[in-house]
Novice: 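Mind having a look at this structure? Questions to follow.
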Amino acid sequence: MREKAEELRSTGQAQRGEIRVEYDLLRRARFSIRFGKLNHCTMDDDDPVGAKCIEDATVPPGHRGPLHDRCRPSRCVNSFGTIDQIPIWRAEHGSLTCLRSTPKIGRDRKASLDDQLRDIEIVLRKVDGS
Ligand code: SF4
């Protein structure tokens, strides 16, 4: 299952972002895909290796699956994005860039914004190579 997801990712089929690709993914591989607004998650609940959201997390007793509020699309092997999600990421990049240019912004805050901008750029590169 994980191999099929990896194959689709590596061949770019899962990154081109057509809705047909997403349906193909579901049809051809028997693993769960959690469709999201910002990214999609292919975490295997029985083998969550590489899931960034549960790394160093306090997982509630009895919980299975990802912790979506800790999702790291830029860092997680289980995450893939689609072209229709790009405008959201670009908008976020634009607003953070604008915020970063605010005069007198603190050094720590600027460093934090730089981290966020880098993460967004990684996500964009994963999806469309830009
Ligand atoms: S970090 Fe995001 S993509 Fe990765 S397993 Fe968690 S929810 Fe899924």
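Each ligand, and each atom within it, is numbered from 1 in the order the structure gives.
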Novice: Does some side-chain heavy atom of Pro66 sit less than 4.5 Å from a side-chain heavy atom of Arg34?
Specialist: yes
Novice: Report the residues that fulfil side chain to side chain contact (heavy atoms under 4.5 Å, CB included) with Glu55, sequence neighbours left out, ordered by chain and then residue number.
Specialist: Lys52
Novice: Any side-chain to backbone donor/acceptor pair from Trp89 onto Leu38? Under 3.5 Å, distance only.
Specialist: yes
Novice: Which protein N, O or S atoms does atom 4 (Fe) of ligand 1 have within a distance shorter than 2.8 Å?
Specialist: Cys76 SG
Novice: Under a 3.5 Å distance rule, please check whether His40 uses its side chain to pair with a backbone N or O of Gly36 as donor and acceptor.
Specialist: yes
Novice: Distance-only, no hydrogens or angles: does the Ser101 side chain make a donor-acceptor pair with backbone N or O of Cys98 under 3.5 Å?
Specialist: yes
Novice: Is the shortest distance from a Lys or Arg side-chain nitrogen in Lys110 or Asp115 to a carboxylate oxygen in the other one below 4.0 Å?
Specialist: no
